[in-house]
Amino acid sequence: MAQVHPAGWRELALTGAAQREIETLTLLAAALPDDYTVFHGVHWTNVDRGFSAYGEIDFIVVAPSGRILLIEQKSGFLTETEEGLAKKYPGMEKPKLVRNQLLRNVTALMQRFGKGGEALSIDYLLYCPDYQVKRMELAGIDAARIVDARSKESLPALIQRILPLGPVNPQRERVLRFLSDVLQLLPDPSAMIGQAHALVTRLAGGLALWARQLDFTPFRLRVTGTAGSGKTQLALAAFSDALVSGKKPLYVSYNRPLADHVSRLVPSGGRVASFHQLCDSFAREQASVPDYSEPEVWKKLEQQLATASLPDAWQFDVLIVDEGQDFSTSWRDALLRLLKPDGRAIWLEDPMQNLYGRESIDLPGWVGLHSDTNYRSPRQIVELLASLAPAPQQMEAASPFAGADIDFLTYPQGDDAQLFAQTRQAITRCLAAGFSRQDMAIVSFRGRDKSALLNLDALGSHSLKSFDGSYDLFGNPVFRSGELLTESVYRFKGQSAPAVIFTEIDFETMDEKNFRKLFVGMTRARLKLVLVMSEKAAAQCRQFSG
């Protein structure tokens, strides 16, 4: 199998992008021997530029001798003119001559390589898999260098005739370095993020599809699913289904950030809130304005929701409880009384994300549904977590993305200056990888009260957006203004980001509690993960993972 650069094209194939080019790349990778190298532009960085590796060239094949072949692929229809084959592009008045495009790129590459005083041995090929060239003599290109719809199966064989397999020439390494420098085919996260989110959402949506096919009375469904299994997709679908059928849904999560996130995703109607936000709203509608200066304010609000008479407006047809592993028995009872007698209830939980040591809630008579498949986290993250687990875990890695580009940075235990420096370095690495600040989240292993980071307004030149621990008159959390979202692992549960900097990771032993915090923080990353941990915690991880 040929060596293909850059990697990541197999994942992109699943999104449907550049389908015709990926079909060609699959053929080349499988049919050419190991000693050939294929550079391609069918990659995230070129999604908006026509999937071209260099100018109009789609593929560059390098032989062991160092000789190269430029392959220009023209999918779809071509126009045969007296001047030669041409391709009509959207927004252009005249079609572009294929011959001119090919020769221009051949010449440009030869001149750039020749600046080093060495000649580049180069050839070219036109590949048009969807079109039969009728008048080869007028194509403007040597007929021996055209592979059209009639002969497309012969493409790998023709490549090997033009670039015969022979001994490796020292020039090959110089050519590979030159092409790597010229093409600079690196993943572009701005394109990858959208593709990755859409693909993972589609895959994880399987849980929402078959869980909603279930039918039993009374409808009480308990879904125990690992991170990235599709619990959020199920919650959104169930909420939307209720609205479409004219019913009133209630979605309740444990923490406020997740509730705020879900509220931006669901259609208007129904109610979305964290449990305490729900308590606050109920009290206000009963003309009982909470006094958040009182130490026992939350207990009073919980008691009021659990015991006060319920107006009709507070009776719901569908109840969706998210982060159920963090709820208490009294919270369960308070919520179930809001459900109409013939209503439907869905309880979503993940025991591995139980960070508060709560006992499992008893839900007698409920139907259980389990999903151990993680579609969101790149497989590298799931495999690393499996190696770190103190006890065997049932986690199936099903993300289409293999690598997560995991970085490890360490600092001396108790040295906040080095902790901050390494976290700044993590930010720099994410920015250098092409992620914007809006694509990043800094997640602390510690809670706000014990964190050195979560109480900062800025980290070097980076302003931080974080919860300052206070609430306004309406019970809304107050945030510091900043560009980089910074949260504790407790508050960031249920959410994710393309790039996650998981920092302040510090512990003495890899026990169940610390592993669960690692599990929650690491599975928040969709594409890139940077772990900033104390040297002692890193040593513990090395001991477990080998």
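Index from 1, following the sequence. Everything numeric in this text was worked out from a predicted model, so none of it was measured.
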### Task
Report the C-alpha distance between E396 and T373 in whole Å, list the side-chain angles of each, state the deciding distance to 0.1 Å, and finish with yes or no for side chain to side chain donor-acceptor pair (under 3.5 Å).
CA-CA 5 Å; E396 180 183 356; T373 305; 3.1 Å; yes

### Message
One pair to check against side-chain contact (heavy atoms from CB on, under 4.5 Å): N455 and R480. What are the steps and the verdict?
### Response
CA-CA 9 Å; N455 294 295; R480 299 177 179 88; 3.9 Å; yes

### Step-by-step side chain to side chain donor-acceptor pair (under 3.5 Å) determination, E302 to S330
CA-CA 9 Å; E302 292 172 18; S330 62; 5.0 Å; no

### Evaluation steps, side-chain contact (heavy atoms from CB on, under 4.5 Å), between K528 and D407
CA-CA 8 Å; K528 182 175 180 62; D407 287 345; 3.1 Å; yes

### Query
E508 and Q413: side chain to side chain donor-acceptor pair (under 3.5 Å), yes or no, with the steps?
CA-CA 10 Å; E508 300 286 336; Q413 192 173 35; 3.2 Å; yes

### Message
Is there a side-chain contact (heavy atoms from CB on, under 4.5 Å) between L385 and I381? Walk through the geometry before answering.
### Response
CA-CA 6 Å; L385 282 167; I381 290 179; 4.1 Å; yes

### Task
Before giving the answer on side-chain contact (heavy atoms from CB on, under 4.5 Å), spell out for N374 and R379 the whole-Å C-alpha distance, their side-chain angles and the decisive distance to 0.1 Å.
CA-CA 9 Å; N374 184 330; R379 297 193 295 277; over 6 Å; no

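Between R332 and D362 there is no salt bridge, since no side-chain nitrogen of the basic residue lies less than 4.0 Å from a carboxylate oxygen of the acidic one. With salt bridges taken as basic N to acidic carboxylate O contacts below 4.0 Å, one links E285 and R271. Ion pairing between a basic and an acidic side chain is recognised when a charged N comes within 4.0 Å of a carboxylate O; D260 and R264 show no such pairing.
Considering every non-hydrogen atom in both Q325 and E349, the closest pair reads OE1-CA, 3.4 Å. Taking both residues in full, the closest heavy atoms of P290 and V297 are given as CB-CG2, 4.2 Å, listed atom of the first, atom of the second, then distance. In terms of heavy atoms, R172 sits closest to V62 at CG-CG1, 4.5 Å. Closest heavy-atom contact between P378 and A525: CD-O, 3.6 Å. Across all non-hydrogen atoms, the minimal contact from R222 to W366 is N-CE3, 4.0 Å. Nearest approach of F420 to A452, heavy atoms of both residues: CZ-O, 3.7 Å.
Distance OG1/T523 to CZ/R526: 12.5 Å, rounded to 0.5 Å. Residue L453 holds its CG atom at 6.0 Å from CD1 of I442, rounded to the nearest 0.5 Å. Atom CD1 in I505 sits 4.5 Å away from atom CG in L531 (nearest 0.5 Å). One distance of note links OH of Y254 with OG of S274; it measures 10.0 Å at 0.5 Å rounding. From K493, atom NZ reaches atom CG of L258 across 8.0 Å, with rounding to the nearest 0.5 Å. Expressed to the nearest 0.5 Å, how far CD1 of I60 lies from CG of L176 amounts to 11.0 Å.
Within the 3.5 Å criterion, the main-chain N or O of L348 finds no donor-acceptor partner in the side chain of K231. One N or O on the side chain of Q540 and one on the backbone of M510 form a donor-acceptor pair closer than 3.5 Å. The main-chain N or O of R491 is found under 3.5 Å from a side-chain atom of S488 such that the two form a donor-acceptor pair. With Q422 contributing its side chain and T410 its backbone, the two residues share a donor-acceptor pair below 3.5 Å. Of the possible polar contacts, none joining the Q277 side chain to the R256 backbone as a donor-acceptor pair under 3.5 Å is found. A donor-acceptor pair under 3.5 Å links the side-chain atoms of N514 to the main chain of T509, judged by distance alone. For the pair D322 (side chain) and V252 (backbone), a donor-acceptor distance under 3.5 Å is absent. At distances below 3.5 Å, at least one donor-acceptor pair connects side-chain atoms of S387 with backbone N or O atoms of L384. Between the R516 side chain and the N354 main chain, a donor and an acceptor come within less than 3.5 Å of each other.
Under the 4.5 Å side-chain criterion, counting only non-hydrogen atoms from C-beta, F435 is in contact with L527. Inter-residue side-chain proximity for L207 and Q233 is flagged as unmet; no heavy-atom pair is nearer than 4.5 Å. Put simply, the side chain of F239 does not reach to within 4.5 Å of the side chain of L265, judged on heavy atoms. Residues L388 and F519 have side chains not in contact (no heavy-atom distance under 4.5 Å, counting atoms from C-beta outward). When side chains are defined from C-beta on, V530 counts as touching C430, because their heavy atoms get closer than 4.5 Å. In this structure, the side chains of M440 and L484 come closer than 4.5 Å at one or more pairs of heavy atoms.
Of the candidates T486, T503, T428, T423 forms a side-chain hydrogen bond (donor to acceptor under 3.5 Å, both in side chains) with just one, namely T503. For the ring-ring contact (aromatic ring centres under 6.0 Å, His included) criterion with H276, the lone passing option out of Y292, F282, W298 is W298. For the salt bridge (Lys or Arg N to Asp or Glu O under 4.0 Å) with D506, the lone residue among R446, K517, K536 that qualifies is R446.
Taking the six-membered ring where tryptophan is involved, the planes of W331 and F327 are perpendicular, since the angle between them exceeds 60° and thus also 30°. Taking the six-membered ring where tryptophan is involved, the planes of Y490 and Y356 are tilted, since the angle between them lies from 30° to 60°.
Counting heavy atoms of neighbouring residues, nucleotides and ligands inside a 6.0 Å radius, atom CD of E359 does not exceed 12 of them.
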